[in-house]
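So the structure is just underneath, and the comments pick up after that.
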Amino acid sequence: MTVIDQIESIAQQALKNLYSLDAVGKNILINETKPEFEGDYTIVLFSLVKPLKRSPEIIGKELGDFLINGHPQFFSSYNVIKGFLNLVVAEKVWTNFLFQNFNNENFGNKEKTGRKVMVEYSSPNTNKPLHLGHLRNNFLGWSVAEIYKANGFDIVKTCIANDRGIHICKSMIAWQLFAKGASPQSTGIKGDHFVGDYYVLFGNELKKQVDEMVANGVNKEQAEKEAPLMKAAQQMLIDWEAGKPDVLELWKTMNSWVYAGFDETYKRIGTDFDKIYYESNTYLLGKDLVEYGLKKNVFFQKDDGSVWIDLTKEGLDEKIVRRKDGTAVYITQDIGLAQQKYEQYKCDLSIYVVGDEQNYHFKVLKLICEKLQIPSAENIFHLSYGMVELPSGRMKTREGSVVDADDLLDEMHNEAEKKTKEQGKTEGFSNDELNELYETIGVGGLKFFLLRVDPKKRMLFNPEESIDLHGYTATFIQYAYARLKSILRKEAANVTRSMTDDTENTLFPLEKMLITIAEKYPVIINQACEEMNPSVIANYIYNLAKTFNSFYAEHSVANAESQEKKTLRLQLCNLTAITIRNAMTLLGIKVPERM
RNA sequence: GGUCCGGUAGCUCAGUUGGAUAGAGCAACAGCCUUCUAAGCUGUGGGUCAUUGGUUCGAAUCCAAUCCGGAUCACCA
């Protein structure tokens, strides 16, 4: 039980005994005490004034006396300032916490809940390589899943590969016309980039055709529809759906190139999945649900035969679920897939990590699923994140203003290498170790940069800031960790030296601050989970690392004032190191033993 | 136009179930390495929390209006 939980339950009991007041949950507000006042936690008394019909000062005095007298081993003193009851938690409470947890490698992770969560993320199109936006998605989805795991949930990480459709056909047509049989193997180009190049080529060649047609007097809209290249792509999609062997063959080949490329990138950034769905398998799902919905009057049919749902009562619009030609639209397969996911995994919560441009789509999806009474429809949750923008504005594929994921990772790696060499601290590292360190710093830096911001908000990606290795960055935290490990290596024998509960210790402010911050870690994990927000953890670890750095500058561990102090500080270092490592793991960021 | 989201220091962001004098990093300036890693530490300056009104003991936080920015409202995915 965390300290704040204990205070809450003690305070509730006290209010009951003192005033017969049942203060449940929100009735009682406990904050961390502001640094400028004496105390660890503060009970805000204003909300008690009315029910108790007493002044805040009197309540503070009475409650404070009662708490101190009733729990002398828990509270050491209190003070009341205006309507705030500041409580000083006994030092023993903090040191006991340290003695009990300093060697707990699993610190912060919760017991199994028996509940299961599915997180769908990444979900790329297979016609072009990953870019910066995908990275935010990948980091966020992976991290949220890990956060759920740390909170005791079973997790299923999934991905839907958008492996069919007109976009793939465009790459395929361009390859057929212009590649002369080239392949990633023959050119040495990474598969996803190779296929992406033909997608871009298609766009360029199409534009030429359209321009020419426009010059010959065709209007632009019509030209875009009727250009030979576009016709060819559309025909290819029809052939694909008809199962034409040579089209399927090429489709499989080109997708396999893309997957090989993706796998490389996924491996590098630590993305993994328990189950991958392929759109080519799921795009027909949901068709029977349309019939079902019609029967149940959830959907209605228009005169032209198209099928719709009326969501105007919910403040939305009418939405089509089947075209007049009988083919399904995008949302139809999503409904089918939602149903399939539930049948296969029976998750208590199904999270979709998808950009906020699809907020409307997911509102509609969830509503339709609920109306069709698909099991667990109410547990569909769209984890909506903001777009990543560049200083020059939004990324646009057509304008080539896209930041490529692989390029960016290389840049981060190189920057890490450059800065590490400047530091000159890596004597004795093998080449493999050096390379690993550059990846740890480079990839970690990028992850932290993208995860430290509230996912809901769109964010600005400034390349210069992203490669900064100072201040509020992964490097700062990794550096603190390397320092900790350096101390702990040298004093390994002393770390586990036993300290008894009755050892007298007077904690210095920075020692105490470190303990109290570490002690909050379980609360933070919980909060990050409830908010589905890794930035909560990023903020927290930065704060912990920063406090450690101050402590490090102020106090010596190896040359502590006494053997007892030394042992206490070693234990504190051990707990801090474990907490940093565990928290960074939830963000998917590695920490180095040395740097 | 309808709906939704956002506006906090020069820049990037915390802080929003209403609580004390609104915090970090970057950038600027001034200090700190004979002692466990200076990728660090300490300090200084920097604010009409978009604007206006309201709710109350108390508002960056809640409500309303206005201004500004973004997303979305396809028989696209």
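So you know, we letter chains A, B, ... as the sequences are listed, proteins then strands, and number each from 1.
Here, B:G6 and B:G15 have their C1' atoms 16 Å apart, quoted to the whole Å. For the C1' atom pair drawn from B:G18 and B:A60, the interatomic distance equals 11 Å after rounding to whole Å. Nucleotides B:G46 and B:G25 place their C1' atoms 14 Å apart, quoted to the nearest Å. Between B:U12 and B:C75, the two C1' atoms lie 43 Å apart (nearest whole Å). Rounded to a whole angstrom, the distance from the P atom of B:A59 to that of B:G54 is 12 Å. Look at the C1' atom in both B:U8 and B:U3: the space between them is 26 Å, to the nearest Å. Using C1' as the reference atom, B:G70 and B:C26 are 25 Å apart when rounded to the nearest Å. Look at the C1' atom in both B:C49 and B:U61: the space between them is 10 Å, to the nearest Å.
Across all strands shown, A:Glu279 has heavy atoms under 4.0 Å from sugar-phosphate atoms exclusively, and none from any base. A:Tyr360 comes within 4.0 angstrom of the backbone, heavy atoms only, and of no base. A:Val453 comes within contact range of the sugar-phosphate backbone alone, with a heavy-atom separation under 4.0 Å but no base atom that close. Looking at heavy-atom distances under 4.0 Å, A:Ile320 makes contact with a base. Base contact: A:Asn86 has a heavy atom under 4.0 Å from a base atom. A:Asp325 comes within contact range of no nucleotide atom at all, as no heavy-atom separation falls under 4.0 Å. Among the protein residues, A:Arg594 comes within range of the nucleic acid bases, having at least one heavy atom under 4.0 Å from a base atom. Contacts of A:Phe84 with the nucleic acid, taken as non-hydrogen atoms under 4.0 Å apart, include base atoms. Within 4.0 Å (heavy atoms only), A:Asn559 reaches sugar-phosphate atoms of the nucleic acid but no base atom. Within the nucleic acid shown, A:Ser556 comes within 4.0 Å of at least one base atom, counting heavy atoms only.
Side-chain proximity of A:Lys363 to B:A20, B:A77, B:C4: nearest is B:C4. Listed nucleotides B:G19, B:U37, B:U42 differ in distance to A:Ser550; the shortest reach to its side chain belongs to B:U42. Comparing atom distances between the A:Leu460 side chain and each of B:A38, B:C13, B:C41 picks out B:C13 as nearest. Among the nucleotides B:G40, B:G69, B:A77, the one closest to any side-chain atom of A:Tyr330 is B:A77. With B:A71, B:C41, B:U37 as the choices, the nucleotide that has an atom nearest any side-chain atom of A:Arg483 turns out to be B:U37.
Across the protein-nucleic acid pair, A:Met459 atom CE and B:G69 atom P stand 22 Å apart, rounded to whole Å. Atom CG in A:Asp356 sits roughly 18 Å away from atom P in B:G69 (whole-Å rounding). Taking atom CZ on A:Arg164 and atom C1' on B:A77, their separation rounds to 9 Å, with Å as the unit. Going from atom CZ of A:Phe551 over to atom C1' of B:G40 covers 15 Å, rounded to whole Å. Distance CG (A:Asn462) to C1' (B:U12): 8 Å, rounded to an integer number of Å. Between the C1' atom of B:U16 and the NZ atom of A:Lys456 lies a distance of 10 Å, rounded to the nearest Å. Separating the CZ atom of A:Phe46 from the C1' atom of B:C57 is a distance of 7 Å, rounded to the nearest angstrom. Rounded to whole Å, atom C1' of B:G2 lies 16 Å from atom CG of A:Asn359.
Ring-centre distance between A:Tyr552 and A:Phe548: below the 6.0 Å cut-off. Aromatic rings from A:Phe448 and A:Tyr472 are positioned such that their centres are separated by under 6.0 Å. Ring pair A:Phe508/A:His555: centre-to-centre distance below 6.0 Å.
Mapping A:Met387 and A:Asn125 onto RNA chain B by nearest heavy atom places A:Met387 closer to the 5' end of the strand. Residues A:Ala558 and A:Ile166 both approach RNA chain B. Their nearest nucleotides, taken by heavy-atom distance, put A:Ala558 toward the 5′ side.
Between A:Ser486 and the phosphate of B:U37, there is a side-chain N or O to OP1/OP2 separation shorter than 4.0 Å. In this model, the phosphate group of B:C76 is approached by a side-chain N or O of A:Arg323 to a distance below 4.0 Å at OP1 or OP2. For A:Lys490, a side-chain nitrogen or oxygen approaches OP1 or OP2 of B:U37 to under 4.0 Å. Between A:Thr42 and the phosphate of B:A20, there is no side-chain N or O to OP1/OP2 separation shorter than 4.0 Å.
A salt bridge links A:Arg322 with A:Glu291; the closest basic N to acidic carboxylate O contact falls under 4.0 Å.
In this structure the side chain of A:Tyr330 never reaches within 4.5 angstrom of the side chain of A:Tyr283, judged on heavy atoms. Within the 4.5 Å cutoff, the side chain of A:Met412 has no heavy atoms near those of the A:Tyr438 side chain. Side-chain contact between A:Val364 and A:Leu316 is present, with at least one heavy-atom pair separated by less than 4.5 Å.
Within the structure, the salt bridge (charged side-chain N to carboxylate O under 4.0 Å, His left out) test picks out the following pairs touching residues 300-310 of chain A (sequence neighbours left out): A:Lys302-A:Glu318.
A cation-pi contact links A:Lys128 to A:Tyr199, judged by a cut-off of 6.0 Å to the six-membered ring centre and 45° from its axis.
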Pull out every protein N or O sitting under 3.5 Å from an N or O of nucleotides 21-28 of chain B, one pair per line with the distance.
{"residue": "B:G25", "atom": "OP1", "partner": "A:Lys546", "partner atom": "NZ", "Å": "3.2"}
{"residue": "B:G25", "atom": "O2'", "partner": "A:Tyr472", "partner atom": "N", "Å": "3.3"}

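In B:C33 the O4'-C1'-N dihedral to the base is within 90° of 0, which defines a syn nucleotide.
Both key distances under 3.5 Å define a Watson-Crick or G-U pair, and stretches of 3 or more such consecutive pairs in RNA chain B run B:1-7 with B:67-73, B:10-13 with B:23-26, B:28-32 with B:40-44, B:50-54 with B:62-66.
Heavy-atom minimum distance, A:Cys369 versus A:Ile380: SG-CD1, 4.0 Å. Considering every non-hydrogen atom in both A:Gln301 and A:Leu294, the closest pair reads N-CD2, 4.0 Å. Taking both residues in full, the closest heavy atoms of A:Tyr277 and A:Lys341 are given as OH-CG, 3.7 Å, listed atom of the first, atom of the second, then distance.
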- Task: Could you go through the ring pair (Phe, Tyr, Trp, His ring centres under 6.0 Å) check for A:Phe381 and A:Tyr352 one step at a time?
- Result: CA-CA 6 Å; A:Phe381 185 87; A:Tyr352 293 74; 9.8 Å; no
